[in-house]
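Basis for what follows: all heavy atoms, side chains included, without hydrogens, waters or symmetry-related copies.
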Amino acid sequence: MKLVKLLANLGYGSRKEADRLIRSGTVTDRAGNVLGAKDFPGLENILVAGEELDPLAPLVLVMNKPTGFTCSTEDPGDTVYDLLPPRFSKRNPGMNPVGRLDKDTTGMLLMADDGKFLHQVIHPKSGCLKVYHAELDRPLQGNEGEVFGSGELQLENDVKPLLAAGFEALGEKEALVTLHEGRYHQVRRMFAAVGNHVLGLKRISIGGLKLPEELAEGEWRIVSEAEKAVLFGK
Ligand code: URA
């Protein structure tokens with residue numbers, strides 16, 4: 001692949017901008033030699049402004065999403081893309097959230113440029129469970145496990161009942177909910193259906209992978225191949 005095309009695909013700019021970047025001497029090898037458009041010393045040996053190149057596709061990121069950020073660029077206001085370097089929004093193929101979180105939900109969000117991976121994570125049949133920690137307005141009533149696990153809970157405006165979900169009470173007003181699917185505002189609507197109200201919601205794991213402890217809210221990092229295997233329980 002040509003250096004210009006590589007830089008453009010990784011979102012460092014349009015082809016014209018990437019060409020300009022190369023001409024300006026910003027792209028070097030590890031020894032500090034300025035690279036020209038026709039040079040290609042190998043991916044690991046290319047630096048842009050002294051920084052290593054972002055990985056090629058397929059790329060998967062994990063983020064600790066804060067409240068107040070939406071997962072869609074179509075919504076007004078701050079989006080999770082604002083928490084990544086601007087070039088990530090210009091990558092080809094593009095990065096997409098893998099199962100959205102509401103604006104007010106925090107925690108584990110995966111972003112990927114790999115449609116197959118995205119499908120494997122979000123499809124209910126893949127068995128990739130999502131676990132949410134919910135803080136509630138009112139005390140639990142004791143029937144939540146039965147109702148959520150019944151496979152018969154029908155939420156307003158949904159065509160089909162929910163798949164059976166896992167439930168674990170952690171305290172009077174605190175619980176874990178495990179979902180196979182990801183319907184609109186699902187956990188909030190489930191608690192509303194049993195007369196409660198979610199005050200705080202955080203996704204703490206997806207499949208076998210937990211939200212990395214070292215990630216403060218708003219921080220992200222690349223998911224390794226080994227972590228992808230853990231995610232799918234391999
Ligand atoms: N359930 C919700 O209510 N919101 C989310 O963001 C995810 C699951």
Across all chains, not counting sequence neighbours, the ring-ring contact (aromatic ring centres under 6.0 Å, His included) partners of Phe148 are Phe167, Phe191

If Ile, Leu, Val, Met, Phe, Trp and Tyr residues are connected whenever their side-chain heavy atoms lie under 4.5 Å apart, and connections chain through other members, are Tyr12 and Phe88 in the same group?
no

Do Ser72 and Thr70 have a side chain donor and acceptor closer than 3.5 Å?
no

Give a yes or no on whether Leu179 and Leu140 share a hydrophobic cluster (residues Ile, Leu, Val, Met, Phe, Trp, Tyr; joining criterion: side-chain heavy atoms under 4.5 Å apart).
yes

Tell me whether Leu211 shares a hydrophobic cluster with Leu176, the cluster being built from Ile, Leu, Val, Met, Phe, Trp, Tyr side chains joined at under 4.5 Å.
no

Tell me, with the steps shown, if Leu35 and Ile22 meet side chain to side chain contact (heavy atoms under 4.5 Å, CB included).
CA-CA 7 Å; Leu35 298 179; Ile22 295 167; 5.6 Å; no

Gap separating the CG atom of Leu53 from the CG atom of Leu3, nearest 0.5 angstrom
8.0 Å

Identified side-chain hydrogen bond (donor to acceptor under 3.5 Å, both in side chains) counterpart of Asp19 within the set Lys16, Arg23, Arg15
Arg23

If you compare all heavy atoms of Ala57 against all heavy atoms of Asp113, which two are closest, and at what distance to 0.1 Å?
CB-OD2, 3.2 Å

Linked, directly or transitively: Ile206 and Tyr132 (ILVMFWY side chains, under 4.5 Å):
no

What pair of heavy atoms forms the shortest contact from Leu118 to Pro97, and how long is it?
CD1-O, 4.0 Å

Could you walk me through whether Glu52 and Arg30 pass the salt bridge (Lys or Arg N to Asp or Glu O under 4.0 Å) check?
CA-CA 9 Å; Glu52 285 185 12; Arg30 284 189 186 274; 3.0 Å; yes

How close do Asp82 and Gly77 get, heavy atom to heavy atom, and via which atoms?
OD2-O, 4.4 Å

Has Arg189 got a side-chain atom pairing as donor or acceptor with Tyr184's backbone, closer than 3.5 angstrom?
yes

Within the 4.5 Å heavy-atom criterion, are Ser89 and Leu84 side-chain neighbours or not?
no

Quick check against the 3.5 Å criterion: does Asp29 have a side-chain atom that pairs as donor or acceptor with the backbone of Gly32?
yes

What pairs with Tyr81 under ring-ring contact (aromatic ring centres under 6.0 Å, His included), at least two apart in sequence or on another chain?
none

Backbone N/O of Leu215 and side chain of Asn64: donor-acceptor pair under 3.5 Å
yes

Close side-chain approach of Val223 to Leu61, heavy-atom, < 4.5 Å:
no

Taking Gln186 for the side chain and Arg183 for the main chain, is one N or O donor matched with an acceptor at less than 3.5 Å?
yes

Shared hydrophobic cluster, Val147 / Val198 (ILVMFWY, side-chain heavy atoms < 4.5 Å)
yes

If we only count heavy atoms from C-beta on, is the Pro85 to Trp220 side-chain gap below 4.5 Å?
yes

Heavy atoms from other residues, nucleotides or ligands near CZ of Phe40 exceed 12 (cutoff 6.0 Å)
yes

Got Lys210 and Ile204 here, is their nearest side-chain heavy-atom distance under 4.5 Å?
no

Sub-3.5 Å donor-acceptor pair from the side chain of Glu51 to the main-chain atoms of Val48, do we have one?
no

How many angstroms lie between CD in Glu135 and CG in Leu170, if you round to the nearest 0.5 Å?
10.0 Å

Rounded to the nearest 0.5 Å, the CG atom of Leu83 sits from the NZ atom of Lys65 at a distance of 9.0 Å

Atom CD of Glu17 and atom CG of Leu21: how far apart are they, to the nearest 0.5 Å?
9.0 Å

N/O donor-acceptor pair under 3.5 Å between Asn45 side chain and Gly42 backbone:
no

Measure the shortest side-chain to side-chain distance between Arg87 and Leu10 over non-hydrogen atoms and say whether it is less than 4.5 angstrom.
no

Closest non-hydrogen atom pair, Ser14 against Ala8
C-CB, 4.2 Å

Side-chain donor/acceptor of Glu219 to backbone N/O of Met63, under 3.5 Å:
no

Beyond-backbone contact of Cys71 with Thr79, side-chain heavy atoms, under 4.5 angstrom
no

Using a cut-off of 6.0 Å, state whether more than 12 heavy atoms not belonging to Glu214 lie near its atom CD.
yes

For residues 98-112, dump all side-chain donor-acceptor pairs below 3.5 Å to protein atoms at least two apart in sequence or in another chain.
| unit_1 | atom_1 | unit_2 | atom_2 | d |
| --- | --- | --- | --- | --- |
| Asp102 | OD1 | His185 | NE2 | 3.4 |
| Asp102 | OD2 | Arg188 | NE | 2.9 |
| Thr105 | OG1 | Arg188 | NH2 | 2.8 |
| Thr106 | OG1 | Leu201 | O | 3.4 |

Does Arg91 reach the side chain of Asp54, with side-chain heavy atoms less than 4.5 Å apart?
yes

Charged N to carboxylate O below 4.0 Å: is that the case for Asp137 and Lys173?
no

Under the side chain to side chain contact (heavy atoms under 4.5 Å, CB included) rule, what do Val177 and Val131 come out as? Steps first, then yes or no, please.
CA-CA 6 Å; Val177 177; Val131 183; over 6 Å; no

Closest non-hydrogen atom pair, Gln141 against Glu144:
N-OE2, 2.7 Å

Presence of salt bridge, Lys228 and Glu225, under 4.0 angstrom
yes

Taking side chain to side chain contact (heavy atoms under 4.5 Å, CB included) as the criterion, tell me which of Val60, Leu209, Ile222 meets it with Glu227.
Leu209

Spacing of CD belonging to Glu152 relative to NZ belonging to Lys160, to within rounding of 0.5 Å
15.0 Å

Taking C-beta and beyond as the side chain, do Cys128 and Gln120 meet within less than 4.5 Å on heavy atoms?
no

Taking Asp114 for its side chain and Lys116 for its backbone only, find out whether a donor-acceptor pair lies under 3.5 Å.
yes

With rounding to the nearest 0.5 Å, note down the distance linking CD in Glu181 to NZ in Lys130.
9.5 Å

Check whether Arg138 reaches the backbone of Gly195 with its side chain - one donor and one acceptor, N or O, closer than 3.5 Å.
yes

Heavy-atom donor-acceptor pair, Asn9 side chain to Leu6 backbone, under 3.5 Å:
no

Looking only at heavy atoms, which two atoms of Val121 and Ser126 are closest? And how far apart?
O-OG, 3.9 Å

